[in-house]
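Here's the structure, in structure tokens; my notes come after.
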Amino acid sequence: MQKKRAATNQRQIKPQAYTEGTGKQKKTAVAKQGKKQRKTGRPASDDCGNASSTVNLQKAAAKKKKRVNNTEKPKSGRKRRSRSVSASSHTYVKMKKRKKKRSRILRTFLIELGLTIAIVSMLAGSIGYLTLSLPVVDGYGMTPTLNDQERLLVRKRGSIKRFSLVYIKNPQTGQRLIRRVIGLPGETVEYQEGHLWIDGEEIPERFLSSIGESEDSTPATANFILQELLGQSRVPQDSYFVLGDNRRYASDSRSFGFVSEEVVIGVVTARIFPLHQMTQF
């Protein structure tokens with residue numbers, strides 16, 4: 001019986017000793033209770049109080065989360081707005097750079113185009129000045145082949161053949177004329193009854209078929225011999241004997257003599273104006 005009583009006493013004493021504990025356990029327990037009181041605002045003296053305090057702690061934590069979320073939302077909106085603003089400004093800067101690049105490319109293209117046009121025009125002008133000419137017929141010395149104020153294309157370095165149309169300067173007056181080559185260097189030239197004789201051989205002039213003879217049956221070209229006309233039996237070297245197609249009224253080698261190569265500007269290759277009468281010679 002005594003042993004049973006001693007055991008029961010020991011059981012009663014152990015929980016008291018455990019609950020009471022050492023000094024360190026008491027301090028930790030008091031500290032925990034103080035923390036609970038701070039969080040909940042209520043004393044945590046017993047187990048029921050502990051359960052209610054846990055519930056209150058959960059509610060407080062939920063409220064804090066809501067507050068944090070509410071405070072963070074406007075910040076995230078501001079961040080999104082700032083991001084959108086920065087993205088739009090970035091795209092605007094890119095577009096501006098592209099526009100500047102395009103304008104720069106267009107400016108350089110226009111400058112290069114203008115320079116090429118200027119260079120080409122200068123080259124064409126210099127080449128044309130050296131090789132081509134566009135004279136206007138002045139007068140009726142070449143009628144009906146050429147008429148007054150017609151525009152011609154003259155090649156300055158063309159080869160001269162018999163019956164070629166040449167652009168020359170009058171050796172006496174310097175006036176510029178269009179005439180036809182009849183006699184080449186070293187040849188004899190003679191007209192008898194309207195027919196051309198070169199070195200004793202008759203040469204037909206088909207380009208004069210449209211002129212014909214006058215009403216009194218006199219030929220268009222009067223009879224002559226070089227020896228009687230100019231005092232020389234043959235055309236000198238580097239010179240030509242030229243006549244106008246309008247033989248009765250044209251001023252040609254019969255009046256101003258032989259034409260040297262120095263006064264020959266070029267050979268007529270085409271009539272370019274008026275357009276409906278464009279002709280290649």
(message) Counting C-beta onward and ignoring hydrogens, is there a side-chain heavy-atom pair between Asp138 and Gln175 closer than 4.5 Å?
(response) yes
(request) Indicate yes or no: at least one non-hydrogen side-chain atom of Leu152 is less than 4.5 angstrom from one of Val137. (result) yes
(message) When you compare the side chain of Leu229 with that of Phe241, does any pair of heavy atoms fall below 4.5 Å?
(response) yes
(message) If you define the side chain from C-beta out and look only at heavy atoms, does anything of Arg247 sit under 4.5 Å from Leu208?
(response) yes
(request) Inspect the surroundings of CG in Asp199 and state if more than 12 heavy atoms from other residues, nucleotides or ligands are less than 6.0 Å away. (result) yes
(message) Arg180: which residues meet the side-chain hydrogen bond (donor to acceptor under 3.5 Å, both in side chains) condition with it, sequence neighbours left out?
(response) Asp245
(message) My understanding is that a hydrophobic cluster links ILVMFWY residues whose side chain heavy atoms are under 4.5 Å apart, including indirect links. Using that, what else belongs to the cluster containing Val136?
(response) none
(request) Identify the two heavy atoms, one from Ser253 and one from Val259, that lie closest to each other, and give their separation to 0.1 Å. (result) OG-CG2, 4.1 Å
(message) Can you give me the closest heavy-atom contact between Leu226 and Glu187, atom names plus distance?
(response) CD1-O, 4.0 Å
(request) Would you indicate whether the side-chain heavy atoms of Trp197 and His195 approach each other to under 4.5 Å? (result) yes
(message) Closer than 3.5 angstrom, by distance alone: can the side chain of Arg162 be matched with the main-chain N or O of Ile182 as a donor-acceptor pair?
(response) yes
(request) Taking side-chain hydrogen bond (donor to acceptor under 3.5 Å, both in side chains) as the test, write out the residues that go with Gln227, two or more places apart. (result) none
(message) I'd like to know if the side chain of Thr173 and the backbone of Asn170 have a donor-acceptor N/O pair within less than 3.5 Å.
(response) no
(message) Which Ile, Leu, Val, Met, Phe, Trp or Tyr residues join Ile225 in one cluster when any pair of side-chain heavy atoms under 4.5 Å counts as a link?
(response) none
(request) Answer yes if Leu184 and Val264 sit in the same cluster of Ile, Leu, Val, Met, Phe, Trp and Tyr residues linked by side chain heavy atoms under 4.5 Å apart, and no otherwise. (result) yes
(message) Distance check, rounded to the nearest 0.5 Å: Ile111 atom CD1 versus Leu106 atom CG?
(response) 9.5 Å
(message) Does anything in residues 101-124 form a salt bridge (charged side-chain N to carboxylate O under 4.0 Å, His left out)? List the pairs, not counting sequence neighbours.
(response) none
(message) If we ignore hydrogens and angles and just use 3.5 Å, is the side chain of Thr269 paired with the main-chain N or O of Leu153 as donor and acceptor?
(response) yes
(message) Can you give me the closest heavy-atom contact between Ser260 and Ser239, atom names plus distance?
(response) CA-OG, 3.8 Å
(request) Kindly give the heavy-atom pair with the smallest separation between Val267 and Gly158, and that separation in Å. (result) CG2-O, 3.6 Å
(message) Applying a strict under-4.5 Å side-chain criterion to I, L, V, M, F, W and Y, I'd like to know whether Val154 and Val242 cluster together.
(response) no
(request) Compare all side-chain heavy atoms of Thr188 with those of Ile198 and state whether any distance is below 4.5 angstrom. (result) no
(message) Quick check on Phe273: does its CZ atom have over 12 non-hydrogen neighbours (other residues, nucleotides or ligands) under 6.0 Å away?
(response) no
(message) Any side-chain to backbone donor/acceptor pair from Thr131 onto Ile127? Under 3.5 Å, distance only.
(response) yes
(message) Show the nearest heavy-atom pair for residues Ser164 and Ser159, with the distance to one decimal.
(response) OG-O, 4.5 Å
(request) Group every Ile, Leu, Val, Met, Phe, Trp and Tyr by side-chain heavy-atom contacts under 4.5 Å, then state whether Phe207 and Val268 land in the same group. (result) no
(request) Please answer whether the main-chain N or O of Met142 pairs with a side-chain N or O of Asn246 as donor and acceptor at a distance below 3.5 Å. (result) no
(request) Determine whether more than 12 heavy atoms belonging to other residues, nucleotides or ligands lie under 6.0 Å from atom CD of Glu202. (result) yes
(request) Find out if a path of hydrophobic residues (ILVMFWY) with successive side-chain heavy-atom gaps under 4.5 Å connects Tyr167 to Leu132. (result) no
(request) For residues Leu134 and Arg151, determine if any side-chain heavy atom of one lies less than 4.5 Å from a side-chain heavy atom of the other. (result) yes
(message) Between Arg254 and Tyr191, is there a side-chain donor-acceptor contact under 3.5 Å, judged purely by atom types and distance?
(response) no
(request) Would you mind reporting whether Tyr240 and Ile168 have side-chain heavy atoms less than 4.5 Å apart? (result) no
(message) Is it true that, when you exclude Lys156 itself, more than 12 heavy atoms of the residues, nucleotides or ligands shown sit nearer than 6.0 Å to its NZ?
(response) yes
(request) State, to 0.1 Å, how close Phe258 and Arg234 come at their nearest heavy-atom pair, and which atoms those are. (result) CZ-O, 4.1 Å
Which donor-acceptor pairs under 3.5 Å do the side chains of residues 274-281 make with protein atoms, sequence neighbours left out?
| residue | atom | partner | partner atom | Å |
| --- | --- | --- | --- | --- |
| Thr279 | OG1 | Arg271 | NH2 | 3.0 |
| Thr279 | OG1 | Gln277 | O | 3.0 |

